[in-house]
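Each remark here refers to the structure printed beneath this line.
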Amino acid sequence: MTGTSERDAAAVGRPESLADLLGGRRGAVDATVPPVAFAAGWLVAGRSVLVGVVAALVAGAVVAGWRLRRGDRPRSVLVGLLAVCVAALVVVRTGRAEDFFLVQLLANAASALAWAVSIVVRWPLLGVVVGAALGQRGRWRHDPALLRAYGRASWVWTATYLLRLAVFLPLYLGGHVLALTAARVGLTWPLVATALAASWAVLRRSLPAGHPGLRHPVTAETGPDGRAQGDGEREPDASGSGQ
């Protein structure tokens, strides 16, 4: 994934961004289709929860099939489809249309807590996600500047989950199904796009001048360019002899 994104960024002559590294906004767009289908089916059928559930499941299956055909990871596709199935099951059990959004509400509460805690314990989740995408495992944590930058940028993502909670909770408590659907769309891909841009800006501004970037953590085993000391030409010693 990262190799393709890096080539795409280079092809258009621009620096690589978080959207390139993390696959852009496609998954966020896909996540809005089943809720919209649920609300449409529920409304057209005279507020029938059963019709809304069927519409959401069909939409979820279509999205899953489309994502598999374009080469997305099966595990990621199945997780998205499972979320739709769980939301549908909750609605069938309670009979309340607004409960289709209950899973999303709880997920945002849990995510806000997880991101905040990750920053406090110095394992910021943005670093975990990007580090995994780049195949770095935990090596980025040994770069103090990169660790600090990931921590600051992770607050951007924490804020997105808190914002969703602030909007979703009163709408859910009021039973406003159509407003919840609109909020789900408005606070999914547009918010993700904003968070990607904002966290990328925070990352870049938090790194000191001359830092080699996310792909090259500067650690005790690397030089100032982020590459292993044993790779290529050895760095000269203080005398300039290179021995």
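The structure displayed is predicted, hence computed values, not measured ones.
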Starting at OG1 of T158, measure out to CG of L113 and round the result to the nearest 0.5 Å. 10.0 Å

Check for me, please, whether W140 and I119 land in the same ILVMFWY cluster - side-chain distances under 4.5 Å, paths through other members count. no

Check: S118 and V128 side chains under 4.5 Å, non-hydrogen atoms: no

Reference residue T94; test side-chain contact (heavy atoms from CB on, under 4.5 Å); the match among V49, D99, L102: D99

Closest heavy-atom pair, L57 versus A88, reported as atoms and distance to 0.1 Å, is CD2-CB, 4.0 Å

Considering only heavy atoms from C-beta outward, does the side chain of P217 approach that of H142 to under 4.5 Å? no

Between A39 and T181, which heavy-atom pair has the shortest distance, and what is it? CB-OG1, 3.2 Å

Heavy-atom check, side chain of L78 versus side chain of L82, under 4.5 Å: no

Straight-line distance of L173 CG to F168 CZ, nearest 0.5 Å: 13.0 Å

Please round to the nearest 0.5 Å and tell me the distance separating atom CG of D143 and atom OG1 of T219. 7.5 Å

Are V117 and L125 connected in the hydrophobic side-chain network, where two residues link if heavy atoms are under 4.5 Å apart? yes

F38 vs F101 aromatic rings, parallel, tilted or perpendicular, using cut-offs 30° and 60°? perpendicular

Rounded to the nearest 0.5 Å, how far apart are OG1 of T160 and CG of N108? 7.5 Å

With a 4.5 Å heavy-atom cut-off, do R122 and R141 have their side chains touching? yes

Between Q104 and R184, is a side chain to side chain contact (heavy atoms under 4.5 Å, CB included) present by the stated rule, with each step listed? CA-CA 9 Å; Q104 179 75 9; R184 177 70 181 271; 3.5 Å; yes

Do you know which two heavy atoms are closest between P208 and A145, and how far apart they sit? CD-CB, 3.6 Å

Counting C-beta onward and ignoring hydrogens, is there a side-chain heavy-atom pair between L126 and L203 closer than 4.5 Å? yes

Decide whether V36 and W189 are clustered together by the hydrophobic rule: side chain heavy atoms of Ile, Leu, Val, Met, Phe, Trp, Tyr closer than 4.5 Å, transitively. yes

Is there side-chain contact between F100 and V90, with at least one heavy-atom pair below 4.5 Å? no

Give me the atom names and distance for the closest heavy-atom approach of P170 to L165. CD-O, 4.1 Å

So is R152 actually on top of W155's ring, under 6.0 Å and inside 45° of the axis? no

No-hydrogen, no-angle side-chain donor-acceptor test under 3.5 Å, S76 and R67: yes

Quick check: is L105 connected to W42 through a chain of hydrophobic side chains (ILVMFWY, heavy atoms under 4.5 Å apart)? yes

Does a side chain donor of either S199 or W157 reach within less than 3.5 Å of an acceptor in the other side chain? yes

For L146 and V218, run side chain to side chain contact (heavy atoms under 4.5 Å, CB included): C-alpha distance rounded to whole Å, both residues' side-chain angles, the deciding distance at 0.1 Å, then the answer. CA-CA 8 Å; L146 200 51; V218 179; over 6 Å; no

What is the distance from atom CD of E98 to atom CG of L180, rounded to the nearest 0.5 Å? 8.0 Å

Taking every heavy atom of A59 against every heavy atom of V33, the minimum-distance pair comes out as CB-CG1, 4.0 Å

Does the side chain of L214 reach to within under 4.5 Å of the side chain of L134, using non-hydrogen atoms? yes

Smallest heavy-atom separation, A198 atom then V156 atom, equals CB-CG1, 3.9 Å

In the single-linkage hydrophobic clustering (I, L, V, M, F, W, Y; side-chain heavy atoms under 4.5 Å), do L163 and V192 co-cluster? no

Would you check if Y172 and R96 make a side-chain contact, meaning some heavy-atom pair closer than 4.5 Å? yes

